[in-house]
Novice: 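One structure is given below, represented as structure tokens, and several questions about it will come after.
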Amino acid sequence: MEFGAPCSRALNGCSPCGLEVGTPIQREIVKSRFPFGASFLVWPTSTPRKSCAGRAMLKDYTVSFDKAGKMSTQISCDFELSSLTALSPLDGRYWSKVKDLAPYMSEYGLIYFRVLVEIKWLLKLSQIPEITEVPSFSEEAESFLQGLIDGFNLDDALEIKNIERVTNHDVKAVEYFLKQKCQSHPEIAQVLEFFHFACTSEDINNLAHALMLKESMKNVMFPVMDKLIMAICTMAKDNAHISMLSRTHGQPASPTTLGKEMAVFAIRLSRERKEMHQVEIMGKFAGAVGNYNAHLAAYPHINWPHIAEEFVKSLGLSFNPYVTQIETHDYMAKLFHTLIQFNNILIDFDRDIWGYISLGYFKQMTRAGEIGSSTMPHKVNPIDFENSEGNLGKANGGLSHLSMKLPISRWQRDLTDSTVLRNMGEGLGHSLLAYKSALQGIGKLQVNEARLSEDLNHSWEVLAEPIQTVMRRFGVPEPYEKLKELTRGRAVSQESITEFIEGLELPEEAKVNLLKLTPHTYIGAAAELAMNVDTAVNLVNGLEFF
């Protein structure tokens, strides 16, 4: 037997319109499992389900009983897309944090840039004297075409999707949409067949994808990356003089400052940010297999490679003259590899901050009403850095596949790149979410100087390094061995270090300087390095970054 879930009429007190069959016990089991306080539609498994105008379900539970009377349930979902029903958390839970990418990386963005490229190509054709069939457009006609780009909206994109349902071809749908839009304009109506002239779909798509990436990086990703680097630079400068115990291999090591350790991350991230900025985003416009075959068949005396280069560059892209049907995607691989490395460095940052929070070096500001643990009320978890790390891993997984797959295509092309390219927004989206999470976490941090100082006060053994180094300078025999005997595996205190220094045969000035050292002051040039981080970042980028 199968039991249907309550219909909307039943929820409003209407009697079930289905046939009530099955045993009373089975019906009671269903009602206990689904306590909606309403009647259920019930029918035999062999009987087709009967429709009812009132059966508008949010959830449709199918409950089946086998011959032994064992019940199983299945939820069939006919949900409208919403933040709760989206398969990707980027389009659901995290939408508010990543929606800035939507105008560029969504299917709407892809369609918009296809429209832009098709129109710009028609305008370019009108500027080529040898193509007399497309005379120069009047200022009014050019304005009309530009208006189709500037005024493009969701309704236009939906109209193109409706055309695609008939054509079953997404790029051809754009061409037909533009022809329909321009039929009413007497001047443009004369040259409608020059939309998509001599183009393969990939001529349009590769430029659209390039523009999607270019605009996403320029308008969304780079500004947030820069904000993140600036925030870490601020951490470096604000904590430049805060002494901190280093931990090489997890063990106490020569002291540093908290600020200098942050400066390291700012410089590392800046290098990758610069590499991404320097990647040439490229485009091709050479026809079905990259040889301008159709172009030259129609107009054999036009220098089509030159025209294509002019056109691609007019869109703000670099021109790739040697291609097959597709642009080879090598620049994408380079961009995504560099983005992966930026993300890897940020994972390193997230984990270090997580560790410093665990050691108590940082406290986290709390928010009213926020809960750290469902069972341990005292907890303030480093959730922002954990969220950042997790999303960076998710981003890198997708970006790695893109960067490894896209440069590979069988012969003149296969379609494996097409579906993969539709996932560019996933890698960028998870990266963007991670950057914002890290920024949010940084904003909650408070340095716990007392805890930092406590660790340093219990780590006088770290002065073994400067003492043995000064001993080397002045020819004291076996300096390393003497300090090893004093410190390794033994409790070391200020008193034992002082006693050891006073017993050394060293010039008085050298001995006085060693006696002045403490774990707090033995920080080398760390403070200066941290304070100069802005200058260093600007040097990395070769410009005034901030």
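The chain is numbered in sequence order, starting from 1. Everything numeric in this text was worked out from a predicted model, so none of it was measured.
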Novice: Taking side chain as C-beta onward, heavy atoms only, is M105 less than 4.5 Å from V220?
Specialist: no
Novice: Counting heavy atoms not belonging to W354, are there more than 12 under 6.0 Å from its CH2?
Specialist: no
Novice: Please indicate whether Y480 has more than 12 foreign heavy atoms, meaning atoms of other residues, nucleotides or ligands, lying under 6.0 Å from its OH.
Specialist: no
Novice: Taking E426 first and then K394, would you say they form a salt bridge - that is, a charged N and a carboxylate O separated by under 4.0 Å?
Specialist: yes
Novice: How about F385 and F349: do any of their side-chain heavy atoms sit closer than 4.5 Å?
Specialist: yes
Novice: Side chain to side chain donor-acceptor pair (under 3.5 Å) between E528 and N532: does it pass, once the steps are laid out?
Specialist: CA-CA 6 Å; E528 291 78 9; N532 291 330; over 6 Å; no
Novice: With a 4.5 Å limit on heavy-atom distance, are the side chains of E465 and Y522 in contact?
Specialist: yes
Novice: I'd like to know whether E275 forms a salt bridge (Lys or Arg N to Asp or Glu O under 4.0 Å) with K334, so could you lay out the CA-CA distance, the side-chain angles of the two residues, the decisive distance to 0.1 Å, and finally the verdict.
Specialist: CA-CA 9 Å; E275 288 292 318; K334 184 175 182 180; 5.2 Å; no
Novice: Can you tell me if D350 and S388 form a side-chain donor-acceptor pair at under 3.5 Å?
Specialist: yes
Novice: Would you check if K161 and E107 make a side-chain contact, meaning some heavy-atom pair closer than 4.5 Å?
Specialist: yes
Novice: In chain order, what residues pass the side chain to side chain donor-acceptor pair (under 3.5 Å) check against S83, with sequence neighbours excluded?
Specialist: none
Novice: Say whether E310 and H306, considering side chains only, have a donor N or O and an acceptor N or O under 3.5 Å apart.
Specialist: yes
Novice: Measure from NZ or CZ of R273 to the centre of the six-membered ring of F342, then state whether that distance is under 6.0 Å and the direction lies within 45° of the axis.
Specialist: no
Novice: Going by heavy atoms in the side chains, are L90 and H430 under 4.5 Å from each other?
Specialist: yes
Novice: Kindly write out the residues that satisfy side-chain contact (heavy atoms from CB on, under 4.5 Å) with T256, not counting sequence neighbours, or none if the list is empty.
Specialist: M244, S246, K260, E261, A526
Novice: Not counting sequence neighbours, which residues clear salt bridge (charged side-chain N to carboxylate O under 4.0 Å, His left out) with E454? List them please.
Specialist: R451
Novice: Name the residue from L116, I119, I111 that meets the side-chain contact (heavy atoms from CB on, under 4.5 Å) definition with F152.
Specialist: I111
Novice: Do the non-hydrogen side-chain atoms of L445 and M235 ever get within less than 4.5 Å of each other?
Specialist: yes
Novice: Taking the side chain as every heavy atom from C-beta outward, state whether N320 and S318 have any pair of such atoms under 4.5 Å apart.
Specialist: no
Novice: Scan residues 209-220 for pairs that pass salt bridge (Lys or Arg N to Asp or Glu O under 4.0 Å), counting only residues two or more places apart or in two chains.
Specialist: E215-K218
Novice: How would you list, by chain and number, every residue that makes a side chain to side chain donor-acceptor pair (under 3.5 Å) with S418, sequence neighbours excluded?
Specialist: none
Novice: Name all residues meeting the side chain to side chain donor-acceptor pair (under 3.5 Å) criterion together with D414; count only those two or more places apart in sequence or in a different chain, and write none if there are none.
Specialist: R410, T416
Novice: Is I442 close to M262 at the side-chain level, that is, under 4.5 Å between some pair of heavy atoms?
Specialist: no
